[in-house]
Amino acid sequence: REIDGQGKVLMPGFIDMHCHLRDPGLTYKEDMETGMKAALKGGFTTLVAMANTKPIMDNAEALKANMDKADALGLCDLVQVCALTKDFSEDDLVDFESTREYTNVYSNDGHNVDNEGTMKKGLAASTEYNFILATHCEPETETVERDIALLRETPGHLHVCHISKKDTLDAIKAAKAEGLDITCEVTPHHLYASAMEYKVHPPFRSYPDRRALIEGARDGSIDICGTDHAPHSDEDKLKGAPGINNFETAFAMYYTVFEGAGIPVERLSQMLSEAPAERMGIKAGLVKERYAGDLVLVDLDAEERVDPKTFISKSHNTPFGRELLKGKVLMTFKGGEIAYDNGSLV
Ligand code: DOR
Ligand code: ZN
Ligand code: ZN
């Protein structure tokens, strides 16, 4: 089949370093299949799924079960995050020996690790077992600063999830200047909007915070564009569940911001694909051969209004329901095959 790419842009498949697939246990919000299909529609071919499932992903059997499920589906590649501590407790670390076989990212997303001793042991383990420790310590800049201080004493591979504040970014810039092994990620919603009431964790910030994040994306101090895709049912949102359904709008939200700020799309591509690949592959030693033939064809001139009714995701929670966005994913290729084509999964 011949594909007309005239005037379009072909990019490497996007690698989402931070999403929530809700499988197992919370599959009324999303399951692996609906999540991965929504992701492919959004141009994401590899997903790093956080561990706050039910039960929590804190042992090798659970990780293996999800990796097998992903293999059977054959949609996206999955990096299933393992919790740092059993059941997200404050002090009971998971068994790294057995879990490391299935993952190279550990994180207690949704829960901050308050216990410094635990965080120190986690950092030491990230060096010993060669994995990325992703910390959910934003929204508090003080906690990011604490983690940086711990990293200074105990070398490790630290990744700071969903940064939302200028102060946090400044702390991370300083840590990078010291030569510490630290990376950070931003979400589409914190780059796109400020001062909104919609419940998300971390919350929407001020306009100056948002501007600082955009400059961080431009100058390279922010490494990675994630999604923090956090699907929730209408009922759970009414009860106050934090989170935004992002897979199907992330690229257009990011591109709209980048284009508006005059940041080249090549930089966005780095942040969506190259940087997360490098962070999880080269430094952490993930050896599986990935990404070959994972591609996204985008139309950068297309403008479209978001319509959550058209989401493939099981949930529709977004405050950007009528937003006019620029940039559209036309096709997604997985392993050289067409996986998503202009509105339908193949
Ligand atoms: O808003 C959020 N919701 N932020 C997170 O990091 C977790 C997520 C969730 O699991 O719903
Ligand atoms: Zn989080
Ligand atoms: Zn999250």
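First listed ligand is number 1; within each ligand, the first listed atom is number 1. What you see is a predicted model, and the numbers here were worked out from it, not measured in a lab.
- In this model, no donor atom of one side chain and acceptor atom of the other lie less than 3.5 Å apart for Thr34 and Ser313.
- With no hydrogens or angles considered, a side-chain donor-acceptor pair links Thr183 and Arg279 at under 3.5 Å.
- Side-chain contact check for His136 and His162: at least one donor-acceptor pair (N or O, by modelled atom type) lies under 3.5 Å.
- Nearest protein heavy-atom contact of atom 5 (C) of ligand 1 is Asp228 OD2, 3.5 Å.
- Both Phe14 and Val306 belong to a single network of hydrophobic side chains, linked directly or stepwise wherever heavy atoms of I, L, V, M, F, W or Y lie under 4.5 Å apart.
- Among the backbone and side-chain atoms of Asp228, no N/O/S atom is found under 2.8 Å from the Zn ion (ligand 2).
- Heavy atoms from other residues, nucleotides or ligands lying under 6.0 Å from NZ of Lys8 number more than 12.
- Between His20 and His229, a ring centre-to-centre spacing not shorter than 6.0 Å is recorded.
- Partner of Asp31 under the side chain to side chain donor-acceptor pair (under 3.5 Å) criterion, chosen from Lys314, Arg22, Lys69: Lys314.
- With a 4.0 Å cut-off on non-hydrogen atoms, His201 touches ligand 1 through its backbone as well as its side chain.
- For atom 7 (C) of ligand 1, the closest non-hydrogen atom of the protein is His20 NE2, 3.5 Å.
- Counting heavy atoms of neighbouring residues, nucleotides and ligands inside a 6.0 Å radius, atom NZ of Lys165 exceeds 12 of them.
- Using a cut-off of 2.8 Å, one finds that His20 contributes an N/O/S atom close to the Zn ion (ligand 3).
- For the pair Pro242 and ligand 1, the shortest N or O to N or O distance falls below 3.5 Å.
- Of all heavy-atom pairs between Phe333 and Leu297, the closest is CE1-CB, 4.4 Å.
- Per residue His136, closest N, O or S atom to the Zn ion (ligand 2): atom name ND1.
- Side chain to side chain, Ser107 and Asp109 fail the donor-acceptor criterion of an N or O pair below 3.5 Å.
- Contact annotation for Met50 and ligand 1: no heavy atom of the residue comes within less than 4.0 Å of the ligand.
- Short contacts between ligand 1 and Val200, defined as distances under 4.0 Å to a heavy atom of the residue, involve ligand atoms 1 (O).
- Using a 4.0 Å cut-off between heavy atoms, Arg22 contacts ligand 1 through its side chain alone, with no backbone atom that close.
- Proximity of Ile244 to ligand 1, defined as any heavy-atom pair under 4.0 Å, is not found for any part of the residue.
- Close contacts of ligand 1 with Gly243, meaning ligand atoms under 4.0 Å from a residue heavy atom, involve 1 (O), 2 (C), 3 (N).
- The nearest N, O or S atom of His18 is closer to the Zn ion (ligand 3) than 2.8 Å.
- Using a 4.0 Å heavy-atom cutoff, Lys199 is absent from the residues neighbouring ligand 1.
- Residue contact check: His162 has heavy atoms under 4.0 Å from atoms 6 (O) of ligand 1.
- Near Ala230, meaning under 4.0 Å from one of its heavy atoms, ligand 1 places the atoms 3 (N), 8 (C), 9 (C), 11 (O).
- Within Asp109, the N, O or S atom lying nearest to the Zn ion (ligand 2) carries the name OD1.
- Of all the atoms in ligand 1, the ones that sit under 4.0 Å from a non-hydrogen atom of His232 are 11 (O).
- In this structure, Tyr106 has its ring center under 6.0 Å from that of Phe96.
- For the residue pair His232/Lys237, the side-chain donor-acceptor check at 3.5 Å is not satisfied.
- When distances to the Zn ion (ligand 2) are checked against a cut-off of 2.8 Å, Cys161 contributes no N, O or S atom below that limit.
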